[in-house]
There are 2 protein chains.
Amino acid sequence: MSNAKLYKGSLVTIILKLLNEHDKMYGYEITQRVKEITKNELKITEGALYPSLHKLEAEGLLDVEVLKVDNRLRKYYKLTEKGTQETVNKLAELENYIKTMRALVNPKFRLE
Amino acid sequence: MSNAKLYKGSLVTIILKLLNEHDKMYGYEITQRVKEITKNELKITEGALYPSLHKLEAEGLLDVEVLKVDNRLRKYYKLTEKGTQETVNKLAELENYIKTMRALVNPKFRLE
DNA sequence: AATATATACATAAAATTCTTATGCATAAGA
DNA sequence: TCTTATGCATAAGAATTTTATGTATATATT
């Protein structure tokens with residue numbers, strides 16, 4: 001996604017959180033939103049995004065609705081109940097990851 | 001390493017930072033230190049650690065010194081000049097990652 | 001004395017996630 | 001007309017990690 005390898009594993013968290021805020025979004029919209037929010041720091045590639053969306057749908061975390069807008073197809077995704085729960089989990093995991101890494105990298109921050 | 005996939009890509013950062021503090025460490029010691037600091041949250045597997053150490057050595061970021069202690073071999077690693085520089089880079093990347101993710105996940109934090 | 005656990009290294013197959021490359025199609029701008 | 005933007009999709013390859021396995025010595029337990 002970016003030059004930093006740290007983003008590996010964060011894509012699902014990002015997708016779920018965005019859908020949690022926006023109610024429904026389509027793939028291309030997600031890539032643009034992420035570029036915008038991160039000031040071009042993070043560019044989600046289509047090769048990563050679309051397979052990920054398909055997987056989340058297959059797992060029952062997302063529902064799809066296909067709409068035709070301006071003669072072009074858009075696949076709108078939205079969180080299912082299960083997806084909303086998983087969003088909470090993923091966000092907690094992110095916070096935990098950050099805490100743990102801080103403890104490793106900054107010895108002043110110790111975990112209890 | 002842990003159940004959370006977010007740690008993917010963080011191993012090198014962790015290794016370099018620990019070596020930056022401790023001057024020289026051997027592989028097994030690193031696994032134990034990490035378990036200790038993270039209160040068992042993160043357990044670095046040998047299958048990930050050893051190949052990673054070899055790679056860092058091949059790239060000229062680490063130097064090795066083999067010592068025999070209590071009739072057992074230990075391969076002590078320490079940062080080279082280049083390794084020390086790369087540590088700075090990796091730590092900056094981590095801080096940047098955290099900032100970017102905060103912006104994505106918490107809309108109140110905006111990047112400039 | 002025998003067995004299990006801890007210490008210490010190593011590698012290889014498989015899984016996971018992502019990049020890069022490619023393909024199709026329509027709309028809008030230069 | 002040609003390029004860029006919009007919108008989806010997949011497949012080959014790269015990179016990193018998990019899981020499994022192997023070797024060997026030291027220490028603790030039964």
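Chain A is the first sequence line, chain B the second, and so forth, proteins listed ahead of strands; every chain is numbered from 1.
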Test side-chain hydrogen bond (donor to acceptor under 3.5 Å, both in side chains) on A:Tyr97 and B:Glu41 and set out the steps. CA-CA 9 Å; A:Tyr97 167 83; B:Glu41 226 281 306; over 6 Å; no

Could you tell me how far apart [X] ([atom1]) and [N] ([atom2]) are, to the nearest whole angstrom?
| X | N | atom1 | atom2 | value |
| --- | --- | --- | --- | --- |
| B:Leu56 | D:dT16 | CG | C1' | 13 Å |
| A:Met25 | D:dT6 | CE | P | 14 Å |
| B:Arg74 | C:dA8 | CZ | P | 4 Å |
| A:Lys35 | D:dT4 | NZ | C1' | 12 Å |
| B:Leu73 | D:dT25 | CG | P | 10 Å |

Does C:dT16 have its OP1 or OP2 closer than 4.0 Å to a side-chain nitrogen or oxygen of B:Lys5? no

Side-chain N or O of B:Tyr26 less than 4.0 angstrom from OP1 or OP2 on C:dA8? yes

Run the numbers on A:Leu79 and A:Leu61 for side-chain contact (heavy atoms from CB on, under 4.5 Å), then give the verdict. CA-CA 6 Å; A:Leu79 292 178; A:Leu61 303 185; 5.8 Å; no

Can you list, in residue-number order, the parts of residues 83-95 of chain B that come under 4.0 Å of DNA chain D, counting heavy atoms only? none

Can you tell whether the side chains of B:Glu95 and A:Arg102 come within less than 4.0 Å, N to carboxylate O? yes

With side chains defined as the heavy atoms from C-beta onward, is the minimum distance between [X] and [Y] less than 4.5 Å?
| X | Y | result |
| --- | --- | --- |
| B:Leu49 | B:Ile15 | yes |
| A:Tyr7 | B:Thr100 | yes |
| A:Val105 | B:Leu94 | yes |

Letter per nucleotide, 5' to 3', of nucleotides 24-30 of chain C [B base touched, S only sugar-phosphate touched, - untouched; heavy atoms, 4.0 Å]: --BS---

With nearest nucleotide decided by heavy atoms, which residue, A:Gly27 or B:Thr45, maps closer to the 5′ end of DNA chain D? A:Gly27

Of all the heavy-atom pairs spanning [X] and [Y], show the shortest one and how long it is.
| X | Y | result |
| --- | --- | --- |
| A:Val12 | A:Ser52 | CG2-OG, 3.9 Å |
| A:Val34 | A:Leu42 | CG1-O, 3.5 Å |
| B:Leu53 | B:Tyr77 | CD1-CE1, 3.7 Å |
| B:Lys24 | B:Glu29 | O-OE1, 4.2 Å |

Nucleotide forming a Watson-Crick or wobble pair with D:dT25, both distances under 3.5 Å: C:dA6

All N/O pairs under 3.5 Å across the protein-nucleotides 11-15 of chain C interface:
{"residue": "C:dT11", "atom": "OP2", "partner": "B:His54", "partner atom": "ND1", "Å": "3.4"}

Do A:Asn89 and A:Glu86 get their side chains close enough for a donor-acceptor pair, meaning under 3.5 Å? yes

Find which nucleotide of DNA chain C each of B:Gln32 and B:Leu53 is nearest to by heavy atoms, and output the residue with the more 5' nucleotide. B:Gln32

A:Lys55 near the nucleic acid: base, sugar-phosphate alone, or nothing, with a heavy-atom cut-off under 4.0 Å? sugar-phosphate

